[in-house]
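Structure first, then comments.
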Amino acid sequence: MANYLTFIATIGGIYALLALSLNLAWGTVGLVNLGLVGFFAVGAYASAIVTAIGVPVVGGIVVAMLAGVVAGVIVTFATLRLRDDYLAIVTLGFAEVVRIVALNERWLTNGADGISGIVTPLRQTLGGRGFDLFYLGLVTLIVVIVWFALRRLDLSPYGRALKSVREDQELAAFAGKDVMRLKFEAFALSAAIAGLAGALYAHFQSYVSPDHFQPLITIYVFLAVTAGGVGRPIGAVFGAYAVVAFMEATRFLADLPFLEPVQVAAMREILIGLSLALILLLKPTGLLPEKTPKATVQP
Amino acid sequence: MTIKNTSISRRGVAKGAAVLAVATALGGGVAFAQDGPIKLGALVPLTGAGGPYGPIMAKTMQAVVDEVNEAGGVKGRKLELIVEDTQTNPEAAVRAARKLIEVDGVISISGTWASSVTTAVAPLAWQSGTFLTTTSGADSITQLPHEGYLIRTQPNTTLQGRKFGEFAIEEGAKSVYMVSPQTPFVDSQFENITKAVEAAGGTTELLVYDDKKPSYRSEVDTVMRADPDAIILGGYTPDTTVMLKDLYRAGYDGLKIGFGYSVNEKLLESVPADVVEGAMTISPSPNADSKAYARVGELSGMANPDPYTAQVYDQINLIILSLAASDAEPSGTMLKDTVRTVSQGDGETVDNAIDGIKLLSEGQAVNYDGASGPVDFDEKGDITDSRFRYDQVQDGKIVLLKIF
């Protein structure tokens with residue numbers, strides 16, 4: 001049981017990084033990114049590929065973040081004129097492009113077989129149990145650092161500028177903000193965090209394949225951010241852990257004697273959808289909503 | 001001041017109680033008695049792309065376990081089957097497998113279906129000493145460093161490819177076109193089809209499509225331009241359904257050959273009869289005349305059980321027989337060391353666990369021949385048997401042509 005909880009907490013941390021990434025793009029600067037899983041995949045594959053040719057894991061993680069930035073910049077370029085629904089559709093397309101490239105470019109990604117035997121740092125020295133604990137510590141530490149950095153960013157003048165783009169980009173431009181640059185920077189940073197999450201996932205599981213990166217993950221992360229509170233980093237982190245805990249807790253419905261396994265599986269999906277609907281109905285701003293600072297009184 | 005203190009201590013008590021309650025709940029979950037039921041895991045695709053197969057696979061395994069329990073269990077111990085959903089997604093499957101291994105403490109996991117799922121779960125199995133039985137076909141799976149903790153009941157794709165090629169030639173086709181989604185086995189399959197067809201002086205072409213497209217009109221146009229004598233359908237049920245409809249619309253009237261697991265009763269129900277009329281299927285032959293296969297039909301409620309259901313029936317029977325055959329404490333290691341003594345050899349042939357348990361308790365050796373075939377394994381975990389069955393859709397029904 002303790003092993004399992006360690007594992008779930010680690011996966012929760014990786015989801016929390018994805019949620020922080022989405023919260024930055026969607027919650028802070030207002031760019032709906034339905035292609036989150038694509039950046040996650042880019043990071044996972046980038047690190048898996050470069051560590052396979054001898055780069056140390058730390059290097060792999062850096063490469064994964066850079067790959068995320070490059071992908072983020074490309075997507076922002078492609079979507080400069082798009083907002084809202086249109087942007088969402090294009091980013092959704094981007095994630096599918098990544099998945100299909102990973103499926104078909106066998107020389108690079110080994111196709112549908114996926115890349116197995118990815119380096120798991122220190123596993124040999126620490127043993128299975130030790131590795132799980134070490135990795136939980138590592139992922140949690142990174143979540144705390146990224147959360148803290150994003151919180152600082154939120155509270156800074158730069159963060160206010162990003163939020164002004166979210167609220168009204170014409171007005172932000174009118175006030176002298178370089179809207180395009182802000183969008184580029186925020187989206188690239190967001191993509192780097194998703195890439196980081198991907199690298200951490202790859203080195204934890206030691207196997208990635210195109211099947212891993214289905215749009216379902218993006219939906220779970222949207223659920224996490226919505227439930228936690230759009231626009232507030234701690235909300236995203238809380239939401240991510242809550243969603244993973246909820247998904248795992250619903251497994252134990254199988255203990256109810258009157259449900260068949262297939263009904264339990266369907267029930268889990270119903271409950272996840274239902275809980276999102278309920279949160280949106282009862283607490284549309286999320287469980288830890290964004291705090292809007294009071295306007296300063298002019299002297 | 002006093003009031004404040006009291007309120008804090010009251011809260012403390014409440015917190016303590018809550019922590020205790022949680023701890024008890026968790027503790028209760030892991031309580032593990034040495035003489036409790038032996039826990040077996042089933043990890044099948046109940047939702048996602050494998051959704052058409054998983055529920056019946058789980059139901060069939062549960063039925064076998066129930067039967068054995070009614071007959072007294074194994075050495076006086078009951079069996080418990082714990083079913084989890086892979087969601088046909090390796091990420092979700094790993095979470096499910098961790099739960100099975102670390103919370104439930106299962107000694108085996110059966111029925112992983114998608115190759116990516118099996119590849120993701122396999123390291124957990126050999127690291128934790130859990131025995132994994134799978135229906136995935138990718139050649140790479142048995143080449144993993146699994147130390148014997150993995151067996152599969154599905155023939156690998158090299159062999160399947162050759163059978164498709166030979167069959168197309170037998171049916172008089174000279175030009176063969178294979179259409180398939182991107183799968184771990186499309187390349188090795190096509191390579192082996194080509195070998196067989198070219199040996200007889202024919203030609204082959206391959207078109208790989210995306211399995212999630214709603215229409216394959218452009219793909220069908222490409223295929224029709226080549227005017228092939230035979231089209232080999234390499235996909236699964238959902239995409240093959242769409243492909244067959246588009247081929248029918250385009251007026252293709254040549255030979256269509258698909259996998260038995262994709263051109264199945266579900267597909268027949270979901271399309272007009274004309275669309276699939278005459279289509280041929282090849283599948284690793286379940287022992288269609290065997291009692292075991294008939295039994296799978298009863299347990300699963302299908303007239304022609306798909307090969308996966310037949311395979312998981314055999315997997316769970318083999319695990320139960322292995323438990324009965326060894327005196328060691330039940331564990332994954334014990335299963336991997338014992339399974340080949342009941343799956344093959346000179347023992348009395350049996351086709352179900354209950355008969356086998358009886359013979360084993362009398363000190364006799366057994367050799368299990370099941371619903372999917374003789375299920376004998378080589379040292380890598382691949383089956384050594386190679387019989388295939390050939391069916392054709394005639395008047396909206398799947399009719400057996402031959403088995404060899």
Side-chain angles (χ1 to χ4, degrees), chain A residues 1-8 10-11 14-15 37 40 96 99-100 102-106 110-118 120 123 127-129 131-132 201 204-217 220 244 247-248 251-252 254-255 260-266 268-269, chain B residues 26-27 29-30 42 44-49 51 54-56 58-59 62 81-96 98-99 101-105 114-117 119-124 127-128 138-141 144-145 181-187 208 210-212:
Chain A
M1 190 70 180
N3 273 350
Y4 170 70
L5 292 178
T6 313
F7 169 77
I8 293 308
T10 312
I11 294 291
I14 288 165
Y15 271 83
V37 72
F40 185 50
E96 278 298 280
R99 195 180 63 79
I100 289 170
L103 197 55
N104 291 290
E105 297 304 315
R106 301 186 70 99
N110 204 19
D113 275 340
I115 303 176
S116 57
I118 300 169
T120 44
R123 194 185 175 102
R129 177 95 189 97
F131 171 76
D132 281 1
Y201 185 79
F204 182 47
Q205 293 294 325
S206 88
Y207 174 59
V208 294
S209 74
D211 274 3
H212 278 85
F213 304 107
Q214 293 167 7
L216 195 63
I217 294 186
Y220 286 154
V244 173
M247 286 196 296
E248 291 302 314
R251 280 188 200 290
F252 297 88
D255 294 341
E260 296 208 4
V262 62
Q263 291 171 319
V264 173
R268 290 179 65 204
E269 299 197 336
Chain B
L26 295 182
V30 286
V44 291
L46 297 174
T47 54
I56 298 163
K59 187 177 149 194
Q62 185 65 57
L81 186 76
I82 298 149
V83 182
E84 282 291 338
D85 181 12
T86 66
Q87 303 179 247
T88 328
N89 175 332
E91 194 271 328
V94 164
R95 282 189 274 121
R98 284 267 187 165
K99 184 254 181 187
I101 295 170
E102 287 161 4
V103 180
D104 298 318
S115 293
S116 57
V117 165
T119 315
V121 170
L124 294 175
Q127 282 158 10
S128 67
D139 287 356
S140 58
I141 285 171
L144 294 167
Q182 185 66 265
T183 59
F185 40 83
V186 56
D187 281 348
V208 174
D210 178 52
D211 65 347
K212 292 194 172 60

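Quick note on labels: first sequence line is chain A, next is B, and so on, each numbered from 1.
Heavy-atom distances place the side chain of B:D187, and not its backbone, under 4.5 Å from chain A. At a 4.5 Å heavy-atom cutoff, the contact between B:Q182 and chain A is made by backbone and side-chain atoms alike. In this structure, no portion of B:V44 lies under 4.5 Å from any heavy atom of chain A. A:I100 touches chain B through its side chain: at least one heavy atom from C-beta onward sits under 4.5 Å away, while N, CA, C and O do not. Heavy atoms closer than 4.5 Å to chain A are found in the side chain of B:A138, but not in its backbone. For chain A, the nearby parts of B:T119 are the backbone and the side chain; heavy atoms of each come within less than 4.5 Å. Neither the backbone nor the side chain of A:Q263 comes within contact range of chain B, judged by heavy atoms closer than 4.5 Å. Using a 4.5 Å cut-off between heavy atoms, B:K212 contacts chain A through its side chain alone, with no backbone atom that close. Only the backbone of B:T88 comes within contact range of chain A, judged by heavy atoms closer than 4.5 Å. Heavy atoms closer than 4.5 Å to chain A are found in both the backbone and the side chain of B:A96. Residue contact with chain A, scored on non-hydrogen atoms closer than 4.5 Å, involves the side chain of B:L144 exclusively. Residue A:R129: no heavy atom, backbone or side chain, is found under 4.5 Å from chain B. For B:S116, the parts lying near chain A are the backbone and the side chain together; criterion is any non-hydrogen pair under 4.5 Å.
Across B:V186, B:D85, B:V94, B:L124, the residue that shares the most heavy-atom pairs under 4.5 angstrom with chain A is B:V94. When each of A:F213, A:F7, A:Y201 is checked for heavy-atom pairs under 4.5 Å with chain B, A:F7 comes out on top. Listed options B:K59, B:Q62, B:Q127, B:Q87 were ranked by heavy-atom pairs under 4.5 angstrom with chain A; first place goes to B:Q127. Counting heavy-atom pairs under 4.5 Å between each of A:S116, A:A266, A:A265 and chain B puts A:A265 at the top. Of the listed residues (A:Q205, A:E248, A:E96), the one with the most heavy-atom contacts under 4.5 Å to chain B is A:E248. For the set A:N110, A:D132, A:V244, A:I8, the count of heavy-atom pairs under 4.5 angstrom toward chain B peaks at A:D132.
Under the 4.5 Å side-chain criterion, counting only non-hydrogen atoms from C-beta, B:V117 is not in contact with B:N89. Looking at heavy atoms from C-beta onward, A:N104 lies in side-chain contact with B:V208 at the 4.5 angstrom threshold. Using a 4.5 Å heavy-atom threshold, the side chains of A:M1 and B:E102 count as separate. In this structure the side chain of B:F185 never reaches within 4.5 angstrom of the side chain of B:D139, judged on heavy atoms. Between B:D210 and A:R99 there is a side-chain heavy-atom pair separated by less than 4.5 Å. For the pair B:P90 and A:S209, the minimum side-chain heavy-atom distance is below 4.5 Å.
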Exercise. Assess whether side chain to side chain contact (heavy atoms under 4.5 Å, CB included) is satisfied between A:R123 and A:F204, documenting all intermediate values.
Key: CA-CA 10 Å; A:R123 194 185 175 102; A:F204 182 47; over 6 Å; no

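The residue from B:R98, B:R95, B:K99 that alone fulfils the salt bridge (charged side-chain N to carboxylate O under 4.0 Å, His left out) condition with B:E84 is B:K99.
The two residues A:D113 and B:S140 come nearest to each other via the heavy atoms OD1-OG, 3.6 Å. Closest heavy-atom contact between A:V37 and A:P215: CG1-CA, 4.4 Å.
Between A:H212 and A:Y207, the ring centre distance stays below 6.0 Å.
One finds the OH atom of A:Y15 at 4.5 Å from the CD1 atom of A:I217 (value rounded to the nearest 0.5 Å).
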